[in-house]
Amino acid sequence: MWTIYRKELLELARDRKTFVFTILIPIFALPLIFGGFGYLSTTMFRHAREAELTYAIFGKQYAPQLAARFAAETGFKEIALADPAAIKGAIAAEHIKFALVIPAGFEAALRGERQASVALHYNNAAAVDITRKRVMAVIHAQNNALRLDALQALNLSPEQLRFTLAPITLDEHTTADQREQTGALVGGFLPYILLTVCLMAAMYPAIDSGAGEKERGTLETLLLAPVSRGAIVLAKFLVLFTVGLTSALLMVASMGLLLLLGGHPINHELSQLVRAIGVADLALVALMLVPTAALFASVLLAISVYAKSYKEAAGLISPLIIVTILPTLVPLLPGVELNSWWAMVPLSNVSLAMRELVKGTMDYRLLVPILLSSTASAGLLLAWCRWWFNREQVLFRN
Amino acid sequence: MIEVMGLAKRFPLPSRRASSIAAPHHADDERGHDGWFHAVRDVSFRCAPGEVLGLLGPNGAGKTTTLRLLSTVLKPDAGQIIADGVDLLRHPLVARRRIGFLSGTTGLYGRLTARENVEYFGRLHGMRAADLQQRCDELFDQLQMHEFADRRADQLSSGMKQKCSIARTVVHRPHIVILDEPTTGLDVMSARILLDFIASYKALGVPLIFSTHQLHEVDKLCDRVCIIDRGRTAFHGGLDELRRLGGSADLYDAFVGVIGRDG
């Protein structure tokens, strides 16, 4: 069995594609991509918040106060448009970001203590609706001013004024420390990344060692060797397990080091988080990866052995990725907490445990059912894989 | 000495709809019924030491299945295979140590060198390092493989690959050599390497079974012929007997005669 294991590893080591997928991508590419994306999204948001918003306004004469407020606001720039009918075209051509149309009698309505409205024309087909937010902020400020005026006319004391404006206020006290807050965020998507890397890294070697052997015609020769089928399956499984685990562990180490050493410029809170997690909990995150890598290795191997060719294997594995990713997203759902029930659900339990470990709120007793259930499911899958490998219909599907 | 008696093997047929699309030729084959395809129904032959047995038959007659049964990769439903007095079906691991198997579709591990490919199978057969080293040197001498022994298999020419496959097949000194359409798809030079190898093995006194469509190869090398038709042994005997029975001195005509006589 070890002969097969050593030979497959040697073969993989000589394959540039595997090397890239297993070593380079987790160590360099993914941390860079995520770091870069994080940096990019922060700057983009800042940019969008501070960028100049061009707008057109109609019926200024009906609301001189409001128009003045918009004109005075920094980051807003008025552009004259001839006709309200041109609004749509101007927004589409990006001459203006939005347009305000003030109806006749606006000011009169306000003076008569009746509610008035302004029409806002803008394109809200954007994931993050910054334009509306910024316009609302200006309207909100104007509303406040008007409200104050209206209330002052009633001769209220400042105390009464505050009461009228907001009878109850919320005074927030968070019991979560910084680690728990950032941890909840990071811990939500960390398992998703780690498990994906673990799966991706083992994917190519899996296709190669099952369907690949069939396609090259080496499988039949291998079956002829006086080695039991069980030993062949176990050897191949161990290879995939090694690759998947190595890859995920490398990524944990690389992300950890990156944030620990050079974290400040990227994200101060994250690097503090890594410091707070500590070696012991990081080691437990790594431990969670062990049964997961085993789980992935056996599923991938089973699929690959079943497939007739590279193409078929790749086709069969793609839906598997989606099926695998879903349970790892469980920690992102609201209200899902790691308890003894969730600890029994493979993949989800590992995901949840990783989040708790990162947050620093792990109930360490739950590690036992998590490891037991994950190992048991990996074992079952491996047994299935072995049974599968003994079936002539599977091996000789041509 | 290897003796094969009454070998039978059936495969489950895919569902009716799928089979009519995937394998239309099964539809009018009498071997497919009751949801099973009886690929091999009754095949018997024997091959003595130093003898070369040619396994002939039309495409889909059950040659490859028979050879796979012989190599213990597939398990037969009925029949017996006795090699040197050992029941191969009862002791598949013993059988695999004794058999060297090469098929036309056999590949090599492209990312390993020629030598690593051969050594890998030697090790799987449990050969010790010193013995393996010696055996490899011996085979590489014999097949003149030294100049490309350390090149990766995916960089070898088809002739070199062929030599490498042969070395791999016999690295563990098999008592029986089985070749499944070894020359199919090979160029003249590669085929030549293979035929020379068959001749040299014959001289070593090892029983050798090979399936082929090339009747001139049969004429040149075989002592005995077994024709399989629709899963049954249609003929088993010497070349002269085949010519007599087929009613022609020409092997091609004799072959067609035997197949036609049955059908």
Side-chain angles (χ1 to χ4, degrees), chain A residues 1-20 22 204-205 207-236 239 305-306 308-310 312 389-398, chain B residues 9-14 22-23 39 64-65 67-77 91-113 116-127 132 152-154 161 165 168-169 171-172 174 178 180:
Chain A
M1 187 193 89
W2 294 112
T3 309
I4 302 178
Y5 178 75
R6 274 201 301 272
K7 171 247 150 199
E8 301 244 331
L9 275 189
L10 173 70
E11 239 189 322
L12 287 177
R14 286 195 188 157
D15 183 47
R16 205 169 290 147
K17 254 187 274 176
T18 316
F19 182 74
V20 169
T22 321
Y204 176 74
I207 297 179
D208 198 51
S209 78
E213 284 226 44
K214 269 191 196 176
E215 199 166 296
R216 286 192 302 265
T218 46
L219 183 67
E220 208 177 328
T221 330
L222 184 61
L223 294 176
L224 276 167
V227 181
S228 74
R229 304 261 165 102
I232 297 177
V233 171
L234 200 60
K236 285 183 179 291
V239 170
V305 165
Y306 177 75
K308 278 184 239 175
S309 62
Y310 264 91
E312 194 183 342
F389 206 74
N390 267 310
R391 284 172 56 96
E392 290 166 359
Q393 287 101 304
V394 173
L395 288 178
F396 299 99
R397 271 179 70 225
N398 42 355
Chain B
K9 175 74 186 174
R10 60 180 189 173
F11 299 104
L13 276 174
T64 296
T65 305
L67 293 182
R68 279 181 176 167
L69 291 171
L70 232 60
S71 71
T72 71
V73 172
L74 292 179
K75 281 195 186 68
D77 300 316
H91 311 284
L93 286 186
V94 177
R96 288 182 207 162
R97 281 184 202 286
R98 286 168 180 266
I99 293 173
F101 187 96
L102 175 66
S103 86
T105 55
T106 301
L108 296 166
Y109 293 107
R111 291 193 290 275
L112 299 184
T113 65
E116 283 166 345
N117 263 292
V118 177
E119 281 176 348
Y120 175 51
F121 284 98
R123 261 186 235 117
L124 287 180
H125 276 280
M127 292 175 80
L132 182 60
R152 278 169 58 148
D154 51 12
K161 279 188 186 151
S165 296
R168 195 223 71 218
T169 308
V171 63
H172 58 294
I178 300 169
D180 183 15

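Letters A, B, ... mirror the listed sequences (proteins, then strands); counts begin at 1. We use all heavy atoms of the structure for the numbers below, so side chains are in, but hydrogens, waters and symmetry mates are not.
- Within the 3.5 Å criterion, the main-chain N or O of B:L69 finds no donor-acceptor partner in the side chain of B:K75.
- Paired with B:V94 under the rule side chain to side chain contact (heavy atoms under 4.5 Å, CB included), one option of B:R97, B:R96, B:R98 passes, and it is B:R98.
- Using a 4.5 Å heavy-atom cut-off against chain B, the contacting residues of residues 228-235 of chain A are A:R229.
- You'll find the side chain of A:K214 stays beyond 4.5 Å of the side chain of A:S309, heavy atoms only.
- Of the residues considered (A:E213, A:R216, A:R6, A:E11), A:E11 shows the highest number of contacts with chain B, using heavy-atom pairs under 4.5 Å.
- Using a cutoff of 4.0 Å between basic side-chain nitrogens and carboxylate oxygens, B:E116 and B:R152 are not scored as salt-bridged.
- Of the two parts of A:N390, neither the backbone nor the side chain holds a non-hydrogen atom closer than 4.5 Å to a non-hydrogen atom of chain B.
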For this session: Start with the C-alpha distance between B:E119 and A:K7, add both sets of side-chain angles, then the distance that settles salt bridge (Lys or Arg N to Asp or Glu O under 4.0 Å), and finish with yes or no.
Result: CA-CA 10 Å; B:E119 281 176 348; A:K7 171 247 150 199; over 6 Å; no
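- Both the backbone and the side chain of B:Y109 come within less than 4.5 Å of a heavy atom of chain A.
- The closest donor-acceptor contact from the side chain of B:D180 to the backbone of B:L102 lies at 3.5 Å or more, if one exists at all.
- For B:S71, there are no side chain to side chain donor-acceptor pair (under 3.5 Å) partners two or more places apart in sequence or in a different chain.
- Residue contact with chain A, scored on non-hydrogen atoms closer than 4.5 Å, is absent for B:T65.
- Using a 4.5 Å cut-off between heavy atoms, B:L108 contacts chain A through its backbone alone, with no side-chain atom that close.
- Atoms CD and CD, on A:E312 and A:E215 in that order, are 10.5 Å from each other to the nearest 0.5 Å.
- For chain B, the nearby parts of A:L222 are the backbone and the side chain; heavy atoms of each come within less than 4.5 Å.
- Taking the charged nitrogens against the carboxylate oxygens, B:R111 and A:D208 do have a contact shorter than 4.0 Å, which makes a salt bridge.
- Using a 4.5 Å cut-off between heavy atoms, B:P12 contacts chain A through its side chain alone, with no backbone atom that close.
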